[in-house]
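Read the numbers this way: they start at 1 and go in the same order the structure lists the ligands and their atoms. Keep in mind that what you see is a predicted model, and the values were worked out from it rather than measured.
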Amino acid sequence: MILVTGGAGFIGSNFVHHWLGWTDEAVIVLDALTYAGNLENLAQVASDPRLTFVHGDLNDRALLDRMMARHRPRAVIHFAAESHVDRSIRGPEAFLRANVMGTFSLLEAVRTDWNGRAAEERSRFRFLHISTDEVYGSLEPGSPAFTEDSPFAPNSPYAASKAASDHWVRAYGRTYGLPVLVSHCSNNYGRYQFPEKLIPLVIHHALEGSPLPLYGDGAQIRDWLHVEDHCRALVRILEAGRVGETYNIGGLSERTNREVMETLCRTLDRLKPHPHGAHAEAIVTVPDRPGHDRRYAIDAGKIRRELGWEPEETFETGIEKTVRWYLDHPDWVAHVVSGTYRDWIRLHYGPAGAAAPAGS
Ligand code: NAD
Ligand code: TYD
């Protein structure tokens with residue numbers, strides 16, 4: 001079996017669905033069920049006998065030791081993290097604890113268990129660490145995309161915590177020989193994404209008639225990757241990636257934030273028209289995020305050449321699927337936007353939903 005950390009979050013849960021649809025191999029999920037973790041993301045597979053869910057924190061070392069000893073996974077796919085840049089600006093410590101200390105705790109538990117295994121099992125073992133393109137910092141428009149050799153230059157507390165954890169993973173590979181792999185992906189989107197991130201936030205706000213907050217001039221560029229393409233890439237890396245290597249994963253879909261919002265609004269105008277005009281009329285400019293990276297872009301040439309992976313979705317097909325999924329799952333949205341979600345939106349965007357008092 002494999003162990004998936006953060007499997008109740010956005011990408012982790014998509015990965016669990018993908019895995020169970022692709023192979024017979026069992027999965028054990030470890031997740032602390034923070035505000036971003038949601039068991040409803042796994043509801044469709046909850047009765048699958050191959051899935052075991054463990055509610056627990058990465059920093060609970062005794063729990064990790066017990067899980068490793070009891071289940072002896074052949075691989076660990078490490079998604080669990082605090083993942084929202086804006087939250088990292090308001091409260092960086094949680095990112096240090098989960099992303100840096102949590103990854104360290106997991107590495108120690110894995111190393112201890114792995115050390116006790118037979119040589120053949122040790123060489124077949126894989127630790128796949130899911131990182132981000134944000135560790136490479138910010139690009140100017142027109143400059144070459146990030147490759148695996150781009151230097152780290154993280155700008156937000158979130159990116160710094162991910163970069164730190166990447167270094168720890170690398171060090172465990174080099175120093176202890178743990179068979180590690182690291183992937184750096186661009187911005188994901190798709191089903192089960194918590195509506196604090198741009199794409200589900202815009203869909204949710206448009207449907208409830210709230211303002212659509214565009215930070216700064218809206219000209220920042222992200223390279224959008226559909227989550228199912230990401231999951232396919234991770235399976236390829238796990239199965240055929242070279243131990244000790246890093247792989248960049250991108251969606252070949254660079255768009256400005258304004259373009260993203262306008263595409264979403266046009267799609268919603270078609271699928272769920274607003275009774276009093278175009279959805280784009282609700283776009284409002286709000287103060288920019290401090291330290292806001294201008295552009296991320298991924299050169300995915302290495303994973304294409306070595307592992308034969310390419311994205312199957314275009315931005316337009318992926319957005320269409322995603323909008324339809326949110327329209328078809330009002331109950332999922334209603335459950336996740338209650339309680340603490342509303343507190344976050346009020347804190348970050350103000351009572352009128354249109355002012356981002358940028359990370360004071
Ligand atoms: P998410 O916030 O939706 O989910 C994170 C999950 O981790 C949640 O289920 C949460 O409960 C769990 N978790 C958090 N802290 C934990 C802890 N201490 N112990 C155990 N579980 C804990 O995040 P996501 O968007 O699914 O991202 C998954 C991974 O992919 C993260 O490592 C993130 O850095 C990386 N990533 C995400 C994106 C993106 O666009 N979403 C892009 C690049 C990289
Ligand atoms: P986000 O989804 O938070 O991902 P990341 O910061 O990891 O790239 O944001 C994507 C882009 O959208 C980013 O440039 C910030 C911008 N953004 C807005 O313009 N308005 C918003 O309300 C949010 C949440 C993000």
Does ligand 1 come near enough to Asn187 that some N or O of the ligand is less than 3.5 Å from an N or O of the residue? no

What residue and atom, counting heavy atoms only, is the protein's closest point to atom 16 (C) of ligand 2, and at what distance? Asn257 ND2, 3.4 Å

In this structure, does ligand 1 have an atom that sits under 4.0 Å from one of the heavy atoms of Asp57? yes

Give the residue, atom name and distance (to 0.1 Å) of the protein heavy atom nearest atom 20 (N) of ligand 2. Pro213 O, 2.7 Å

Identity and separation of the nearest protein heavy atom to atom 38 (C) of ligand 1: Ile11 CD1, 3.7 Å

Quick test: of every protein heavy atom, which one is nearest to atom 4 (O) of ligand 1, and how far off is it to 0.1 Å? Gly9 CA, 3.4 Å

For Lys197, the atoms of ligand 2 under 4.0 Å from one of its heavy atoms are 2 (O)

Would you check the N or O atoms of Ala98, main chain and side chain alike, for any that come under 3.5 Å of an N or O of ligand 1? no

Is it the side chain (CB and beyond), the backbone, both or neither of Leu225 that lies under 4.0 Å from ligand 1, heavy atoms counted? neither

For ligand 2, is any non-hydrogen atom under 4.0 Å from Leu201's backbone (N, CA, C, O), its side chain (CB onward), both, or neither? side chain

Can you tell me which portion of Glu196 lies within the under-4.0 Å heavy-atom range of ligand 2? Options are side chain, backbone, both, or neither. backbone

Could you tell me the residue and atom name of the protein heavy atom closest to atom 32 (O) of ligand 1, and the distance to it rounded to 0.1 Å? Lys162 NZ, 2.6 Å

Heavy-atom contact check, 4.0 Å cutoff: does Gly56 meet ligand 1? yes

Ligand 2 versus Leu198, non-hydrogen atoms closer than 4.0 Å: side chain, backbone, both, neither? both

For atom 7 (O) of ligand 2, what is the closest protein heavy atom, and at what distance to 0.1 Å? Glu134 OE2, 2.5 Å

Less than 4.0 Å is my threshold; does some heavy atom of Ile130 fall inside it relative to ligand 1? yes

Which residue holds the protein heavy atom closest to atom 14 (O) of ligand 2, what is that atom called, and what is the gap in Å? His292 NE2, 2.7 Å

Give yes or no for whether the N/O distance cutoff of 3.5 Å, strictly under, is met between Arg222 and ligand 2. yes

Any idea which of Ser186, Ala32, Gly102, Ala81 brings a heavy atom closest to atom 5 (C) of ligand 1? Ala81

Which label fits Trp325 and Tyr192: parallel for a plane angle under 30°, tilted from 30 to 60°, or perpendicular past 60°? perpendicular

Among all protein heavy atoms in this structure, tell me which lies nearest to atom 6 (O) of ligand 2, with the distance rounded to 0.1 Å. Arg289 NH1, 2.5 Å

Please write down residue, atom name and distance for the protein heavy atom closest to atom 25 (C) of ligand 2. Tyr215 CE1, 3.7 Å

Should Leu58 be counted as touching ligand 1, given the test is an N or O pair under 3.5 Å? yes

Counting non-hydrogen protein atoms only, what is the nearest one to atom 4 (O) of ligand 2? Give residue, atom name and distance. Asn187 ND2, 3.3 Å

So which heavy atom in the protein is nearest atom 3 (O) of ligand 1, and how far is it from that ligand atom? Phe10 N, 3.0 Å

Heavy-atom nearest neighbour in the protein, as seen from atom 44 (C) of ligand 1, with distance rounded to 0.1 Å: Ser131 O, 3.2 Å

Hey, does His84 sit under 4.0 Å from ligand 2 if you only count heavy atoms? yes

Classify the ring geometry between His230 and Phe79 as parallel (under 30°), tilted (30 to 60°) or perpendicular (over 60°). perpendicular

Could you pull out, from Tyr158, Phe95, Tyr35, Phe79, the option with a heavy atom nearest to atom 36 (N) of ligand 1? Tyr158

Looking only at heavy atoms of Tyr349, does any of them come nearer than 4.0 Å to an atom of ligand 2? yes

Go through ligand 2 atom by atom and flag the ones less than 4.0 Å from a non-hydrogen atom of Leu214. 19 (O)

